[in-house]
Amino acid sequence: MEYNFSEIEREWQSRWANEQTFKVEEDSSKPKFYVLDMFPYPSGAGLHVGHPLGYIASDIYSRYKRLKGFNVLHPMGYDAFGLPAEQYAIQTGQHPAKTTEKNIARYREQLDRIGFSFDWSREVRTCEPDYYKWTQWAFLEMFGHWYDNSEQKAKKIELLEEIFASEGNAKVNAACGDAETFSAEQWKGMSESEKSSVLMAYRIAYLGETSVNWCAALGTVLANDEVKEGLSVRGGHPVEQRKMKQWQLRVSAYAQRLLGDLDDLSWSDSLKEMQRNWIGRSQGAEMLFKVFNGSEEFELEIFTTRADTIFGATFMVLAPESEWVAKLTSPEQKEAVEEYLTYAKKKTERERMAETKKVTGVFSGSYAINPFTGEKLPVWIAEYVLAGYGTGAIMAVPAHDSRDYAFATHFNLPIIPLIEGCDVSSESFDAKEGVMCNSGFLNGMTVKEAIPAAIEEVEKRGIGRRKVNFRLRDAIFSRQRYWGEPFPIYYKDGIATPLPVENLPLELPDVDKFLPTESGEPPLARAENWNFGEWPLEKSTMPGFAGSSAYYLRYMDPHNNRGLVSKEANEYWRDVDLYIGGTEHATGHLIYSRFWNKFLYDMGYVCEKEPFKKLINQGMIQGRSNFVYRVKGTNTFVSLGLKDKYDTTEIHADVNIVSNDRLDTEAFKNWMPEYKDAEFILENGEYICGWAVEKMSKSMFNVVNPDTICDKYGADTLRMYEMFLGPLEQSKPWDTNGIDGVHRFLKKFWRMFFNKEGFAVSADSANAAELKVLHKLIKKVQEDIENFSFNTSVSAFMIAVNELNDLNCSKREILEPMVILISSFAPHIAEELWSKLGHKNSVSFASFPEYIEKHTIESSVEYPVSFNGKMRFKITLEASLSPAEVEAIIRADENTGKFLGGSTIKKVIVVPKKIINIVC
RNA sequence: GCUCGGGUGGUGGAAUAGGUAGACACGCAGGACUUAAAAUCCUGUGGGCAGAAAUGUCCGUACGGGUUCGAUUCCCGUCCCGAGCACCA
């Protein structure tokens, strides 16, 4: 009987859907396991074979855990708000909701064909009001709270108002923007509007002026992680810096916790490292320098991580945007400084980056006093100092900082070396090592000793203090766009006021066009009556990461209309045990989600402080393009091996008409009209194509649709082949060349259950050799799945089937456990065989221990023993033995090196170089 | 520039608490079945040398050193590729 995969797959997919096989409920009798994929943005292009890679891996793991007796939550949904749908809407006038709906339907169709065990009853879509109600709710919670640094916890804003009313803000240690110190009396004397602007500086979701990434082409601001190399990640449009009033989330308040809690997560080192870099903790000191502008004296605060180099500070530098610039510019320098400021302002972020090597700056006319040497230090203004980091001012130590060095050389400022024996004649000595010199009381200390000693001295003199700085900035939360969550905020007499919770969700209104208004207002300004009562509503919408920040919580309890997630559901499912997704979210979604979760944790809404316990980054699937070579000026194409004999042009050929790099020449002629009359110069009767690894995209004609693979080979083959392609976490090109091998394997496996008459599985009991194959397989596959080494487990199946074929084995005792084992990888064929074996239930819930665990005897034991008291040998025993039995056989006499109990050893191989293998 | 990965046959990749490198698969070559093709099955397949053959032997995990009885694996240096961050003081 033939392996008719299309019929089998169609039948089982509809049964799983009809019987809701994978629907889960909270069940306290079973341990929970939560497996999550990063949900997709449903783009118009549909899925290509690269997209499901992670979904296949997570599905294999989910099915495996289900077999192991876990109650597995494995949901799927759509990150449905976003720029592409809106851009498409602007171009075509079609409502983004419509295109999104259509794209989702297409995605769902494609996903269903691959045979995933998702619980679709829990599907979420971020653009549905029932869903974004809770995104808006979380925003209001953040608006209603402030962050207490002393307790490292978010607290209610009402509490802050009480503190202000009773003692002012002097003692409040909060994460906040600039706020003048005031007393309780002053607070009470403030107007509503003044109070509101003070409180705004403390809120976790706040409206504040900040330098933002403005993308003119998209007409909106972008978060730092949405900008790469000065261009927008979506669309690649130029981005410039602008000061604007925007909604922001005080992510920076959580910097230390986001950093610290990283240690306990099972994430890859590289991903953790990326987050650490992004958070960018640096420990140093803030120091006060006396500055004099010719008429007035001030104290200028700077930040440094190298307090030890204070004796080498020869000048000071201010960021052009620093508020100190105005105070410290002397009348003589006024013109030069203003000219420089104009120059710096006009530069876009992109130009700045392109010119990082270019040294620019201007002298302010003021001087600072080095508190340790008493030396007069000129204060400069230069764009290499950033306003947003530290205090926007630095002490420059050219001998030991390469940027200061470049500046000092350019403007001819003094350089004082501070490390014994270092050479600073051509470059600075940046390493934190060596012994200090020219440094007063620090002389003779190593740098490591000098740093804390210097800070201690600074603190003692009362001119500074220890300080930790973070690179992580608050997240810009407004977008001047249409297709996003509206803010539940209205402006009452100009004061930002939260919408009452009972008015949520605030639904996205209809507009006539999706463009900004003529006056530059966001598209929501076009909506009719976009007001709350008589007051205008906020016209920005929330960014893409808003909806994806808490979706994993919503899956736990997706239909709850009283809360984001009920306490019961949350306490049962707790956190994501396994999260699979791309590394491109390392500094975006994965930071925001963790922040969002920690905030909800502080509120007591969720019970785990981290959302994603284990995280695997699947590699990207790149495209593998094929080329044909057209002889210049003709319509003749020459095969790869002969192309050097001609003058040719390389042209992309559609990979779907190429198989094993052999071109289907007839299909090629029909592919495009211009090739209709193409002629070919063949080698050995075939046209061989060239190939290259490129991004998978339409323009390269290398996009492979999973549907095509399912039609030709079936979903089970697709699933196993994607795993077989290589290690999950490695990026690799999609290459259909090897898929026949996997398909052949499934056919072979299928045939093991049949003879000429039909389905035939023997009831005879298995012999030792057959059991050995099974045991080896069970051990290997279980180990591999636990280690996410799916490619080697596919190999293990192939080996087992080959070995059993050699043994002519078709015994139920062997085959039945194999069906269960393979069901994670190839669920359709497994279900079919399982039902042919006479089982009524789905193989997904087979009694795993009954079949598998009774076979998990160690089939091969590697046992180290000591020999001559010195050397260690590895002994390999190729038999089904318990560790105790093994020990009885191979225990060696420490002194003589002779093996005890040697009578059971059948064969001892001593190969050259004294390696010993023993076969029992 | 800094950080983190990674360099193994014609190809994708196995094997690292150090122990017979190249599992498995693709491709290729030869063979069986077939009028033929497809499908299926069998054999061979890192390189050099010797041999009619079984086989033997030397060289081989980017390159150069080191530790070790023994290194693809550990250490030092060099080169190359990929990813991330990038004036963060």
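In what follows, every heavy atom counts, from backbone to side chain, and hydrogens, waters and symmetry copies are set aside. Quick caveat: nothing in here was measured; it's all calculated off a predicted structure. The chains referred to below are lettered A, B, ... by the order of the sequence lines, with proteins before strands, and numbering in each begins at 1.
- Comparing the C1' positions of B:U61 and B:C74 gives a spacing of 16 Å, expressed to the nearest Å.
- Between A:R662 and A:I688 the shortest side-chain heavy-atom distance falls below 4.5 Å.
- One P atom belongs to B:G70, the other to B:U20, and the distance between them is 15 Å to the nearest Å.
- Considering only residues two or more places apart in sequence or on other chains, A:A285 meets the side-chain contact (heavy atoms from CB on, under 4.5 Å) condition with A:I455.
- Among the protein residues, A:N791 comes within range of the sugar-phosphate backbone only, with heavy atoms under 4.0 Å from sugar or phosphate atoms but none that close to a base.
- With sequence neighbours excluded, the residues forming a side-chain contact (heavy atoms from CB on, under 4.5 Å) with A:P378 are A:F315, A:F363, A:Y367, A:W380, A:L413, listed by chain and number.
- A:R662 comes within 4.0 angstrom of sugar-phosphate atoms only, judged by non-hydrogen atoms across all strands, and of no base.
- In this structure, A:L725 reaches the sugar-phosphate backbone alone: every heavy-atom distance under 4.0 Å involves primed, P, OP1 or OP2 atoms, never a base.
- Nucleotides B:U72 and B:U67 are separated by 16 Å at their P atoms, to the nearest Å.
- A:E273 meets the side-chain contact (heavy atoms from CB on, under 4.5 Å) test with A:R276, A:N277; sequence neighbours excluded.
- Counting only Watson-Crick or G-U wobble pairs whose defining distances are both under 3.5 Å, the stems of 3 or more consecutive pairs in RNA chain B are B:1-7 with B:79-85, B:10-12 with B:24-26, B:27-32 with B:40-45, B:46-50 with B:55-59, B:62-66 with B:74-78.
- For A:T305, the side-chain atoms get nearest to B:A89 when compared with the rest of B:A23, B:C85, B:A89.
- B:A62 and B:G9 have their P atoms separated by 8 Å, with the value rounded to a whole Å.
- Here the nucleotide nearest the side chain of A:N737, chosen from B:C26, B:A23, B:C87, is B:C26.
- With hydrogens and angles ignored, the 3.5 Å screen pairs no side-chain donor or acceptor of A:D308 with any backbone N or O of A:A454.
- Take the nearest nucleotide of RNA chain B for A:D784 and for A:A796: the residue whose nucleotide is more 5' is A:D784.
- The nearest whole Å value for the distance from the CD atom in A:E783 to the P atom in B:U16 is 10 Å.
- If you measure from atom NZ of A:K776 to atom P of B:A23, you get 14 Å, rounded to the nearest angstrom.
- Comparing B:A23, B:C85, B:A89 against the side chain of A:S795 picks out B:A23 as the nearest.
- Atom CZ in A:R624 sits about 11 Å away from atom C1' in B:C26, given to the nearest Å.
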Heavy-atom protein contacts under 4.0 Å, nucleotides 39-46 of chain B, coded B base, S sugar-phosphate only, - none | SSS-----
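- With contacts defined as side-chain heavy-atom distances shorter than 4.5 Å, the pair A:V704/A:V655 qualifies.
- Side-chain N/O atoms of A:S282 include one lying less than 4.0 angstrom from OP1 or OP2 on B:A89.
- Scanning for ring pair (Phe, Tyr, Trp, His ring centres under 6.0 Å) contacts around A:F429 gives an empty result, with sequence neighbours left out.
- With C1' as the reference atom, B:U16 and B:U8 are 13 Å apart, rounded to whole Å.
- Against the 90° criterion about 0, the sugar-base torsion of B:G64 places it in the anti range.
- One interatomic measurement links the two molecules: CD1 of A:I621 to P of B:G13, which rounds to 10 Å at whole-angstrom precision.
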Table of protein N/O atoms under 3.5 Å from nucleotides 30-32 of chain B N/O atoms:
none

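- A:Q730 has a side-chain polar atom (N or O) that falls below the 4.0 Å cut-off from OP1 or OP2 of B:G13.
- A heavy-atom distance below 4.5 Å is found between the side chains of A:F303 and A:Y389.
- Between the CD1 atom of A:I739 and the P atom of B:A25 there is a distance of 16 Å, rounded to whole Å.
- Using a 4.0 Å heavy-atom criterion, one finds that A:R306 contacts the sugar-phosphate atoms exclusively.
- Taking both residues in full, the closest heavy atoms of A:R465 and A:V458 are given as N-CG1, 4.3 Å, listed atom of the first, atom of the second, then distance.
- Summarising the geometry, the separation between CE on A:M274 and P on B:C85 is reported as 7 Å, rounded to the nearest angstrom.
- Backbone-only contact: A:P727 has heavy atoms under 4.0 Å from sugar-phosphate atoms and none from a base.
- In this structure, A:E786 has no salt bridge (charged side-chain N to carboxylate O under 4.0 Å, His left out) partners at least two apart in sequence or on a different chain.
- Considering only residues two or more places apart in sequence or on other chains, A:E301 meets the side-chain hydrogen bond (donor to acceptor under 3.5 Å, both in side chains) condition with none of them.
- Residue-to-nucleotide proximity on RNA chain B shows that, of A:G280 and A:G726, the 5′-proximal contact is made by A:G726.
- When side chains are defined from C-beta on, A:L418 does not count as touching A:L442, because their heavy atoms never get closer than 4.5 Å.
- Nearest nucleotide to the A:E383 side chain, out of B:C87, B:A23, B:G13: B:C87.
- A:F745 comes within contact range of no nucleotide atom at all, as no heavy-atom separation falls under 4.0 Å.
- Within the 4.5 Å cutoff, the side chain of A:C422 has heavy atoms near those of the A:H400 side chain.
- The phosphate of B:A89 has OP1 or OP2 within less than 4.0 Å of a side-chain N or O from A:Y389.
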Applying side-chain contact (heavy atoms from CB on, under 4.5 Å), run through A:M620 and A:T583 and close with a yes or a no.
-> CA-CA 9 Å; A:M620 280 244 296; A:T583 179; over 6 Å; no
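- If you check B:G27, B:A89, B:A14 against the side chain of A:T792, the one that comes closest is B:A14.
- Here the separation of B:A17 from B:U40, taken at their C1' atoms, is 45 Å to the nearest Å.
- Counting only residues at least two apart or on different chains, the side chain to side chain donor-acceptor pair (under 3.5 Å) pairs with a member in residues 719-732 of chain A are A:D59-A:R719.
- Comparing the P positions of B:G31 and B:G10 gives a spacing of 25 Å, expressed to the nearest Å.
- Among the protein residues, A:N802 comes within range of the sugar-phosphate backbone only, with heavy atoms under 4.0 Å from sugar or phosphate atoms but none that close to a base.
- Of the C1' atoms belonging to B:U34 and B:G44, the separation is 23 Å, rounded to the nearest Å.
- You'll find the side chain of A:L271 reaches within 4.5 Å of the side chain of A:L590, heavy atoms only.
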Pairs under 3.5 angstrom, nitrogen or oxygen only, protein versus nucleotides 1-4 of chain B, please.
none

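- Between A:I455 atom CD1 and B:A89 atom C1' the separation is 13 Å, expressed in whole Å.
- Rounding to whole angstrom units, CZ of residue A:R471 and P of B:A89 are separated by 10 Å.
- Residues meeting the side-chain contact (heavy atoms from CB on, under 4.5 Å) test with A:E666, sequence neighbours left out: A:D664, A:K669.
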